[in-house]
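For reference, the structure discussed in these notes is given below.
Note that the structure is a prediction, hence the values are computed from the model and not measured.
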Amino acid sequence: MTDNDKHAAKNDRPEKHENNEHKNHNKGHHERMIEDFKKRFFVSIIVTIPILLLSPMIQEWFNFVIEFPGSQYVLFLLSSFIYFYGGWPFLKGVYKEISDKQPGMMTLIAMAITVAYLYSSATVFGLEGDDFFWELATLIDIMLLGHWIEMRSVLSASKALDKLAALMPDVAHRFTNGETEDVKVDKLQSGDKILVKPGEKIPADGRIAKGSTSINESMLTGEAKPVEKDKGDEVIGGSINGEGSIEVTVGDIGEDSYLSKVITMVQEAQKSKSKTQNLVDRAALWLTIIALTVGFTTLFVWVLLRDDLTFAIARMATVMVITCPHALGLATPLVVANSTALSAKNGLLIRNRTAFENSRKIDTIVFDKTGTLTRGEFGVNNIQIFSDHYDEKEVLKLSASLEQNSEHPIAKGIIAKAEEQEIDLVEVDDFQALKGRGIQGEINGKKMMVVSPGYLTENEISIPSEVSTKGISTNVFLLIQDQVIAVISLADQIREESHEAIQSLKKLGISCWMLTGDNEETAAEVSRELELDGYFSEVLPDEKQDKIKSLQKEEKFVAMTGDGVNDAPALAQADVGIAIGSGTDVAAETADIILVNSNPQDVVTLMSFGKATYRKMVQNLIWATAYNVFAIPLAAGVLIPVGILISPAVGAILMSLSTIIVAINAKLLSRSIN
């Protein structure tokens, strides 16, 4: 997709006020959640101070006494505030995890703080035993801090569906009684006739009833060059009209439209993908199972052995609180924060942490062609001259001078070549655009034209036999006084970085494929030049998604790299979706990771970072939970017969050491990457 296309896609329509409000609402949701965790953390920290001062265990530990009539009730009230205010995100989160049948971190935290709160509250109102209020408060504080750090480091959730919907213009020029009137696009009905002016987006799927033009469908279909359209040809809503005015008979609308089907595909793929759990949630699920199993086993065993319910409940509560270590709340957030910061410095923006973790498992990468492996814009790759009176520089000078009045992508390519060679352009008189066929004008009193092969055929002008009408290039002809002087061949240029990226990935044993809406011949040539393992050509967006699914059915772990609207369903379907930074907003919003520098070579960097990050997460989870191996059996009372029972003070020391180790190890991530 060219820069002009993207500019047009973003700026050719007035923004709807309500649509802006909807986008701003979504955009601010992530920021509001970050602020909410931040506020709850600082408020909870302030309330934690008097809780620690009033806790008997802390007083005993530091050898001081603060006690007054009703102090235990003040402690209860302060702890109740922290439980309900600071713990609310986790209490709410457990409901969602259970509803989704995916117990994870929220479930473990909610279980630990609830057991600590209920047991401690019971000791205030008569149950024998020591309270866990200090554990409750500090656990909530650290978990709030961890979630705040992590959310601040990872980009906001995808707004891909909003971006897709925004591709459609708001207003259409509908014919009513022979006159055009501007109406909202959602008021169009199948069978209506609409006028689409040059440079406008087509507001609905349909067929051309009158006129001819070229249409830029690159962001929808992936076809690099504009497609010539005449009466009776189909057009797609959201694509960009070229130089001709056309009348269109509206076809599919609403949910049946092409773009709506793309939106549905993205939505379904994202729902399926969201079921994947990240590493910490899987670890938390196992800790939850262990806590419940060991906790209730401890209760039943001590009831049978001692016939002392109070003692048994105290042992069970201790086990279940200890099972959720404070260090677990910082084990992955600190790694994520460091990893995303390091990734950003290296041109990678992380949107989805789970996909980033999983990048280490990629064994197959599928690249979009246009705008990803190639630059997505036309460049001159060959000039053939059929006259002894003109050289290549003169041909470029005349052609670019004519094309400077055109907005066509081919014109941009010819002008760019002239600028590259520092050629000064000349003035053109009587400039004229030939709809769908080219341009003409006068230079120094001579009639000159840059036209398509179709113009030559229609006007019975012979195409020189040396010119190939096949291949991956698009040919345009320079005519002077109706004589063919030269042919200029243009093609979408392969990025220099693509060669290096493919070779690097293949050395890692990664299978590299290409997926494109472009024609078979072009796809085959690009695949051959880059030495890809295979390719799929002439593939529409829904088919792109199917190709990704077919690879996944072969038990491949698939990454998709793309830049356009046509890639959105495949990006959402892939195990890891990677967007090129110079691409469309839709691709960026659908993807899990964005390559800021639009360099395919950064995919190799991504895999390296993903492996190092996952390794650090595993190490931290081991450190965060290792003390459970010692603490849980002791808390359960396994060694009571020999006089050993873990005290809250010992548990606190182990917890603190575990947290410190986790923090230090997370900071060492940069060394393991470098």
Side-chain angles (χ1 to χ4, degrees), residues 29-59 61-62 66 71-97 104-124 130-154 280 284 287 317 320-334 336-337 624 648 651-652 655-656 658-660 662-663 666:
H29 179 66
H30 187 74
E31 286 78 1
R32 284 196 300 273
M33 287 183 68
I34 292 174
E35 284 302 310
D36 183 59
F37 271 101
K38 178 182 176 182
K39 180 182 176 183
R40 289 178 192 273
F41 169 68
F42 282 114
V43 171
S44 297
I45 279 286
I46 292 169
V47 178
T48 296
I49 296 171
I51 290 176
L52 292 175
L53 293 174
L54 292 173
S55 293
M57 195 283 290
I58 300 297
Q59 292 179 20
W61 200 5
F62 290 97
I66 298 177
S71 59
Q72 73 271 31
Y73 297 111
V74 173
L75 181 60
F76 165 71
L77 291 173
L78 290 172
S79 300
S80 296
F81 174 80
I82 276 212
Y83 174 71
F84 289 106
Y85 177 75
W88 176 246
F90 310 113
L91 298 174
K92 184 171 66 173
V94 70
Y95 174 76
K96 185 179 186 307
E97 287 186 349
M105 192 65 176
M106 293 296 186
T107 304
L108 181 62
I109 298 169
M111 181 197 71
I113 64 175
T114 299
V115 169
Y117 176 69
L118 293 177
Y119 175 77
S120 300
S121 299
T123 64
V124 172
D130 299 320
D131 67 72
F132 289 112
F133 284 135
W134 70 275
E135 280 262 20
L136 167 71
T138 55
L139 183 56
I140 287 175
D141 292 342
I142 286 181
M143 295 303 171
L144 285 172
L145 175 63
H147 279 73
W148 173 35
I149 290 172
E150 183 176 341
M151 291 183 70
R152 197 174 60 175
S153 62
V154 179
V280 73
L287 283 174
M320 295 178 77
V321 171
I322 282 178
T323 306
C324 184
H326 290 56
L328 189 62
L330 296 176
T332 58
L334 289 177
V336 169
M655 174 198 74
S656 300
S658 182
T659 305
I660 291 168
V662 159

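Remark: Ile45 CD1 to Ile82 CD1 distance equals 8.0 Å, nearest 0.5 Å. Distance check: Leu139 CG to Phe132 CZ gives 12.0 Å after rounding to the nearest 0.5 Å. With values rounded to the nearest 0.5 angstrom, Leu145 atom CG is found 11.5 Å from Ser44 atom OG. Remark: Lys39 NZ to Ile34 CD1 distance equals 16.0 Å, nearest 0.5 Å. We find the CG-CE distance between Leu91 and Met106 to be 10.0 Å, quoted to the nearest 0.5 Å. Taken to the nearest 0.5 Å, the CD1 atom of Ile109 stands 11.0 Å off from the CD1 atom of Ile142.
What you find for Leu334 and Ala666 is that their closest heavy atoms are CB-CB, 3.6 Å. Scanning all heavy atoms of the two residues, the minimum distance from Glu97 to Met105 falls at OE2-N, 3.6 Å. Closest non-hydrogen pair, Pro56 versus Asp131, comes out as CD-OD2, 3.7 Å. Of all non-hydrogen atoms in Met320 and Val115, the two that sit nearest each other are CE-CG2, 3.9 Å. The minimum heavy-atom distance between Ser71 and Leu54, with the atom names listed, is O-CD1, 4.3 Å. Nearest heavy atoms, Leu75 versus Ile51: CD1-O, 3.6 Å.
Listed for the Arg40 side chain is no donor-acceptor partner under 3.5 Å among the backbone atoms of Leu144. Panel note: side chain Ser120, backbone Tyr117; no donor-acceptor pair is recorded below 3.5 Å. Without hydrogens or angle criteria, Glu135 side chain to Ala116 main chain gives no donor-acceptor distance under 3.5 Å. A donor-acceptor contact shorter than 3.5 Å is absent between the side chain of Gln72 and the backbone of Val124.
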Go through it in stages, so that I can follow the logic: the residues are Tyr83 and Thr114, the test is side chain to side chain donor-acceptor pair (under 3.5 Å), and I'd like the CA-CA distance, side-chain angles, deciding distance and then a yes or no.
CA-CA 8 Å; Tyr83 174 71; Thr114 299; 2.9 Å; yes
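Relative ring orientation between His147 and Phe90 is described as perpendicular, the plane-to-plane angle rising above 60° on a 0-90° scale split at 30° and 60°.
Side-chain atoms of Lys38 and Glu35, non-hydrogen and from C-beta on, do get closer than 4.5 Å to each other.
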